[in-house]
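Right, one structure below, let's go through it.
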Amino acid sequence: MVVGDVTTSTDVLVIGAGPGGYVAAIRAAQLDLDVTLVEKGAYGGACLNRGCIPSKALLNGSELASGAGQAEELGVYADPTVALDEMISWKDGLVDQLTSGIEQLCTAAGVNLMKGTAEFADENKIRIVHQGEGQGSESLKFDHCIIATGSRPIEVPGFDFDDDRIVSSDGALNFETVPDELVIAGAGYIGMELATVYSRLGSDVSVIELLEQALPGYQEDVASIVRKRAEDLGVDFYFGYRADSWAESDGGAVLTAVPADEAAHDSDIELTADKILVAVGRRPVTDTLGIGAAGVETDAQGFIPTDSRCRTNKEHIFAVGDVAGEPMLAHKGSKEGEVAAEVIAGKPAAVDYRALPAAVFTDPEIGTVGLTEDEAANEGLTPVTGEFQFQASGRALTANRTEGFVRIVAAKETERVIGAQIVGPDASELIAEIAAMIEMGAKLQDISSTIHVHPTLSEAVMEAAQNARGKAIHRQN
């Protein structure tokens, strides 16, 4: 039995309650707009339920276990035992706490919440199919719409996700036990973060990567530090190979990888595994929206092109977060959600990506923002850089975490800060200072003359800025 279709209306329809969608909904409600937020799953989207938060919970838990078991140099002797099911239960508790918090925030802001799957009927109307037998559907007219449906893991032909032998990053966050052998296809940030987790927890981890470098897209001197640390943890890398096929074998699986370039590698390789994690990227969730009915254009990969105000080719329809294209970062989606809501409310808002930071939560972490030295040169600037190694940081030494460095990039003529790359302890936190400096148009002197607490890791940021000016105290200029 299906309840008949009814039609209601709203000022702003938001599709998807991930970090882009729920932020957009709350901000629009704060601006006195009537807002309806439609979500078919759990509030918080992939980031909160299957990505950012659960992966960082496992990274933290695995770091505690690994650190305690490898601290003899500090005079600490321990042999920790990890109960993965209990760690997963703790992680799930955090996720539940945060998802319920998002729902409460939306309700408190006056957002109308609807459960169901949304599909466009035309450019001003959407049909929402409610979940559950007999729940029926309804139609919703809108003046403005914000699409925030996120992304899903990409499947590789022949490696369909079955949540048993072949898993996506979603499945890898919910293993019941630590796999003895884990093969990961893809050495991007998702593959490398999960390689970090499970190598710390005792898995024999092998990583296959089509290209010749871990973390493609990052500078080689940054990525190589993370790769070396992963190798120290026992991770084996096979660069220049792609996953071709797999078969069951003796209670496990055998994966066959073939050379991406036969001139570089002359033979296939076979790797045994209890689990095979496919982490070759993510694709936008736009194929279920009936987006053509609204006249919204997508590119060849399914992403929705937008302008600096998050508008699609239809001025009253906006797209934010992963569906709007790279980089797929939760905080990018949140900022775009705020901007879209403010534009709808008539505010002069736009997104400025110059100071958009990014982080990889490997061991050690990576934090980047703005331009690299080469990118600055390609834009016609004359860059000047300053660096400071963590091995010269008193705080890093006391924490026994000395890999990596801080590099700051500035325009030589003006000394204006235009970028930074950090690889090392707490890089994801340290990058915020430099992002703020870029956002406010600060110069090297603004950082170098700011008194930083001693002893802290943040002193490395100050020293790098001083080095760029030829005035570093704790390293040769």
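When reading the values below, keep in mind they use all heavy atoms of this one structure, side chains included, and skip hydrogens, waters and symmetry mates.
Using a 4.5 Å heavy-atom threshold, the side chains of Ser55 and Leu173 count as touching. Asp34 has its side chain out of reach of Val12: every pair of non-hydrogen atoms, C-beta onward, lies at least 4.5 Å apart. Put simply, the side chain of Leu356 reaches to within 4.5 Å of the side chain of Leu329, judged on heavy atoms. Between Leu289 and Ile15 the shortest side-chain heavy-atom distance falls below 4.5 Å.
Each salt bridge (charged side-chain N to carboxylate O under 4.0 Å, His left out) pair with one or both residues in residues 346-370, not counting sequence neighbours, appears once here: Arg200-Asp363, Arg229-Asp363, Asp352-Arg354.
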- Message: Between Glu123 and Lys314, is the salt bridge (charged side-chain N to carboxylate O under 4.0 Å, His left out) condition met? List the steps.
- Response: CA-CA 8 Å; Glu123 64 178 50; Lys314 295 289 185 178; 3.0 Å; yes
May I have the list of side-chain donor-acceptor pairs in residues 403-411 shorter than 3.5 Å, sequence neighbours left out?
| from | atom 1 | to | atom 2 | distance (Å) |
| --- | --- | --- | --- | --- |
| Arg407 | NE | Glu387 | OE2 | 2.9 |
| Arg407 | NH1 | Gln219 | OE1 | 3.1 |
| Arg407 | NH1 | Gln421 | OE1 | 3.3 |
| Arg407 | NH2 | Asp221 | OD2 | 2.2 |
| Arg407 | NH2 | Glu387 | OE2 | 3.3 |

Enumerate donor-acceptor pairs with a distance under 3.5 Å from any side-chain N or O in residues 279-287 to protein atoms, sequence neighbours excluded.
| from | atom 1 | to | atom 2 | distance (Å) |
| --- | --- | --- | --- | --- |
| Arg282 | NE | Ser151 | OG | 2.8 |
| Arg282 | NH2 | Ser151 | O | 2.8 |
| Thr286 | OG1 | Gly302 | O | 2.8 |
| Asp287 | OD1 | Arg152 | NH1 | 3.3 |
| Asp287 | OD1 | Arg152 | NH2 | 3.3 |
| Asp287 | OD2 | Arg152 | NH1 | 3.4 |

Identify all side-chain donor-acceptor contacts of residues 184-198 below 3.5 Å with residues at least two apart in sequence or on another chain.
| from | atom 1 | to | atom 2 | distance (Å) |
| --- | --- | --- | --- | --- |
| Glu193 | OE1 | Lys56 | NZ | 2.9 |
| Glu193 | OE2 | Phe361 | N | 2.9 |
| Thr196 | OG1 | Met192 | O | 2.8 |
| Tyr198 | OH | Ala172 | O | 2.5 |

Table please: side-chain donor-acceptor pairs of residues 335-346 below 3.5 Å, with sequence neighbours left out.
| from | atom 1 | to | atom 2 | distance (Å) |
| --- | --- | --- | --- | --- |
| Glu336 | OE1 | Gly321 | N | 2.7 |
| Glu336 | OE1 | Lys332 | NZ | 3.4 |
| Glu336 | OE2 | Lys332 | NZ | 3.2 |
| Glu336 | OE2 | Tyr353 | OH | 2.6 |
| Glu342 | OE2 | Arg27 | NE | 3.0 |

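Partners of Tyr218 under the ring-ring contact (aromatic ring centres under 6.0 Å, His included) rule, at least two apart in sequence or in another chain, do not exist in this structure. Residues meeting the side-chain hydrogen bond (donor to acceptor under 3.5 Å, both in side chains) test with Thr36, sequence neighbours left out: Thr10. Considering only residues two or more places apart in sequence or on other chains, Arg469 meets the salt bridge (Lys or Arg N to Asp or Glu O under 4.0 Å) condition with Glu415. For Asp374, the side chain to side chain contact (heavy atoms under 4.5 Å, CB included) partners at least two apart in sequence or on another chain are Thr372. Listed by chain and residue number, nothing satisfies the side-chain hydrogen bond (donor to acceptor under 3.5 Å, both in side chains) test with Arg475 (two or more places apart in sequence, or in another chain). Residues passing the side-chain hydrogen bond (donor to acceptor under 3.5 Å, both in side chains) test with Gln466: none are found, sequence neighbours excluded. Gln213 is linked by a side-chain hydrogen bond (donor to acceptor under 3.5 Å, both in side chains) to nothing, counting only residues two or more places apart in sequence or in another chain.
One finds the CD atom of Glu315 at 8.0 Å from the CG atom of Asp307 (value rounded to the nearest 0.5 Å). We find the SG-CD1 distance between Cys310 and Ile147 to be 12.0 Å, quoted to the nearest 0.5 Å. Rounding to the nearest 0.5 Å places CZ of Arg395 at 13.0 Å from OG1 of Thr402. Separating the SG atom in Cys106 from the CG atom in Asn112 is a distance of 10.5 Å, to the nearest 0.5 Å. Atom OG of Ser100 sits about 7.5 Å away from atom CD of Glu103, to the nearest 0.5 Å. In this structure, NZ on Lys471 lies 10.5 Å from CG on Leu444, to the nearest 0.5 angstrom.
Using a 3.5 Å distance cut-off with no hydrogens or angles, the side chains of His452 and Glu459 do not pair a donor with an acceptor. Inspection of the Thr382 and Glu413 side chains reveals an N or O donor paired with an N or O acceptor under 3.5 Å.
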